[in-house]
Amino acid sequence: MGDHERTYQAGQRSAEEWYGGPLRPAAPRDADGNLMLAAERQGNLIGIQTGLWLDTSGDHWSYGGSFGDLGYLRLKRNGEQIATSAWPYAAFSVPDEDSAYELTQNLEKIPSSDRNWLRSTAVTTTWSFRSHREPDVYSRGLPILFPAYDIPVDGLNTLSARSGIRVGLSVEGHAGYTPGAIKAASLSYSYDDGITWTQAPTEQQDGKWTAVLDHTGASGKQVTMKATFTDADGNAVTQTIKRAYDVR
């Protein structure tokens, strides 16, 4: 993972936390840490290239694939699969007509002994949006949402086995799209890799969404997490993170 460029004064001290989880895809950052274009439409082409892994600081990310990264893409139009890619970034040909699209990106890390990659071992994200050709527009950013989580994990990305754990839920966009207000958000968690799920209660106050976790009696469990968001413009995202964190 990398950081954006920084300038330090002589004698200055600073502290940073890296690999805070859950790690997930997001818009790539430039040298100053600003959001870059992650997905766009040019004529009859739809393309996407995300930053593959971003930690919760928002400052540390992996832009492209590296040894140990696996992934693929799948594109559906009006519910029918029309294209795939063996890589987690690609461009696809699409027709002119306004259509409903579902773009799914799957990311996975090859198992490693590196403690920084013991959590967030795989992420599947499906973006739902509409798009059509605009003859007078060279490039239109796709209206995709990137989930973000404020989870009070420790340095090993674990949570305590108790109830009442509050998790902040939000989304960010990219240089081609600023999300509308979140109109719906949900968070579920699983101790068996997604076979069964527990729905966390959520609440919205002053535009901020919060979910409440109950891990009472779950000490030693690995947690898979699933979140959904819909913004005021009707764009949606569903994201599943395998082993997002552990319960200590």
Side-chain angles (χ1 to χ4, degrees), residues 1-9 12-39 48-71 73 87-89 105-125 127 141 144-159 165-179 187 208-209 211 222-227 229 237 239-246 248:
M1 300 184 80
D3 196 356
H4 63 79
E5 295 179 3
R6 300 175 185 271
T7 301
Y8 297 95
Q9 301 297 319
Q12 178 181 344
R13 294 178 179 271
S14 63
E16 294 186 39
E17 294 186 3
W18 289 66
Y19 297 94
L23 305 176
R24 78 281 184 195
R29 271 65 171 165
D30 65 18
D32 296 319
N34 299 313
L35 300 182
M36 298 171 61
L37 185 68
I48 184 170
Q49 182 165 7
T50 68
L52 298 187
W53 306 98
L54 180 79
D55 69 13
T56 51
S57 74
D59 289 332
H60 312 130
W61 69 93
S62 172
Y63 178 71
S66 62
F67 181 77
D69 286 324
L70 303 173
L73 289 174
W87 306 96
Y89 36 81
Q105 179 193 64
N106 185 78
L107 301 174
E108 187 173 349
K109 296 295 291 188
I110 294 175
S112 168
S113 60
D114 185 342
R115 61 182 292 273
N116 294 309
W117 296 107
L118 296 179
R119 316 286 188 263
S120 301
T121 56
V123 183
T124 299
T125 309
W127 295 281
I144 63 174
L145 315 175
F146 290 103
Y149 313 97
D150 183 9
I151 301 182
V153 292
D154 63 10
L156 295 176
N157 285 329
T158 71
L159 289 176
I165 302 172
R166 300 180 68 81
V167 176
L169 303 175
S170 60
V171 297
E172 67 176 23
H174 61 109
Y177 180 69
T178 300
L187 184 69
K208 296 182 179 181
W209 287 81
Q222 299 176 6
V223 179
T224 293
M225 189 177 75
K226 179 168 63 177
F229 297 88
V237 63
Q239 185 171 82
T240 302
I241 304 178
K242 184 176 181 180
R243 200 177 179 184
Y245 57 88
D246 289 0
R248 60 181 183 272

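- With 3.5 Å as the limit, one finds a donor-acceptor pair spanning the side chains of His60 and Glu16.
- In plain terms, the two heavy atoms of His174 and Ala27 that are nearest each other are CB-CB, 3.6 Å.
- Using a 4.5 Å heavy-atom threshold, the side chains of Thr56 and Val153 count as separate.
- Scored by the salt bridge (Lys or Arg N to Asp or Glu O under 4.0 Å) test, Arg166 finds Glu203 as partners (sequence neighbours excluded).
- Legend: residues meeting ring-ring contact (aromatic ring centres under 6.0 Å, His included) with Trp127, ordered by chain and number and at least two apart, are Phe146.
- Partners of Trp117 under the ring-ring contact (aromatic ring centres under 6.0 Å, His included) rule, at least two apart in sequence or in another chain, are Tyr19, Trp53.
- Note that the CG atom of Leu118 and the OG atom of Ser112 stand 7.0 Å from one another [nearest 0.5 Å].
- Residues Ile165 and Pro152 form a side-chain contact, since some pair of their non-hydrogen atoms from C-beta on lies under 4.5 Å apart.
- Side-chain contact annotation: Thr125 with Gln105, donor-acceptor N/O pair under 3.5 Å absent.
- Every residue meeting the salt bridge (Lys or Arg N to Asp or Glu O under 4.0 Å) condition with Asp246, not counting sequence neighbours, appears here in chain and number order: Arg119, Arg243.
- The shortest heavy-atom contact between Pro25 and Val123 is CD-CG1, 3.7 Å.
- Closest non-hydrogen pair, Pro179 versus Val171, comes out as CB-CG2, 4.0 Å.
- Here the side chains of Ser170 and Trp209 are not in contact, with every heavy-atom distance at 4.5 Å or above.
- Of the inter-residue distances, the one linking Ile110 atom CD1 with Thr121 atom OG1 reads 12.5 Å to the nearest 0.5 angstrom.
- Partners of Thr124 under the side-chain hydrogen bond (donor to acceptor under 3.5 Å, both in side chains) rule, at least two apart in sequence or in another chain, are Asn106.
- Checked against salt bridge (Lys or Arg N to Asp or Glu O under 4.0 Å), Glu172 has the following partners two or more places apart in sequence or in another chain: Arg29.
- By the side-chain contact (heavy atoms from CB on, under 4.5 Å) test, Asp150 pairs with no residue at all, sequence neighbours left out.
- Between Asp55 and Ser57, the side chains place a donor N or O and an acceptor N or O closer than 3.5 Å (distance only, hydrogens not considered).
- Note that the CG atom of Leu52 and the CZ atom of Arg24 stand 13.5 Å from one another [nearest 0.5 Å].
- Side chains of Val237 and Pro147 form a contact here, defined as non-hydrogen atoms less than 4.5 Å apart.
- Every residue meeting the side-chain contact (heavy atoms from CB on, under 4.5 Å) condition with Thr224, not counting sequence neighbours, appears here in chain and number order: Ser190, Asp193, Trp197, Thr240, Lys242.
- Between Leu37 and Gly141, the closest heavy-atom pair is CD1-CA, 4.3 Å.
- Looking at Val223 and Tyr245, their side chains come closer than 4.5 Å, going by heavy atoms from C-beta outward.
- To the nearest 0.5 Å, the span separating CD on Glu17 from CG on Asp59 amounts to 11.5 Å.
- Not a single donor-acceptor pair under 3.5 Å links the side chain of Asp32 to the backbone N or O of Asn34.
- Scored by the side-chain contact (heavy atoms from CB on, under 4.5 Å) test, Ala244 finds Pro22, Met225, Ile241 as partners (sequence neighbours excluded).
- Here Tyr177 pairs with nothing under the ring-ring contact (aromatic ring centres under 6.0 Å, His included) rule; sequence neighbours left out.
- Annotation: side-chain contact (heavy atoms from CB on, under 4.5 Å) contacts of Ala227 (sequence neighbours excluded): Tyr149, Leu187, Phe229.
- Closest of all the heavy-atom pairs between Leu35 and Gly173 is CD1-O, 3.7 Å.
- In this view, Asp3 and Arg6 satisfy the salt bridge (Lys or Arg N to Asp or Glu O under 4.0 Å) rule, not counting sequence neighbours.
- Residues Leu107 and Leu70 are not in side-chain contact: their nearest non-hydrogen atoms beyond the backbone lie 4.5 Å or more apart.
- Between atom CG of residue Leu73 and atom CH2 of residue Trp87 there is a gap of 12.0 Å, rounded to the nearest 0.5 Å.
- Using a 4.5 Å heavy-atom threshold, the side chains of Arg248 and Leu156 count as separate.
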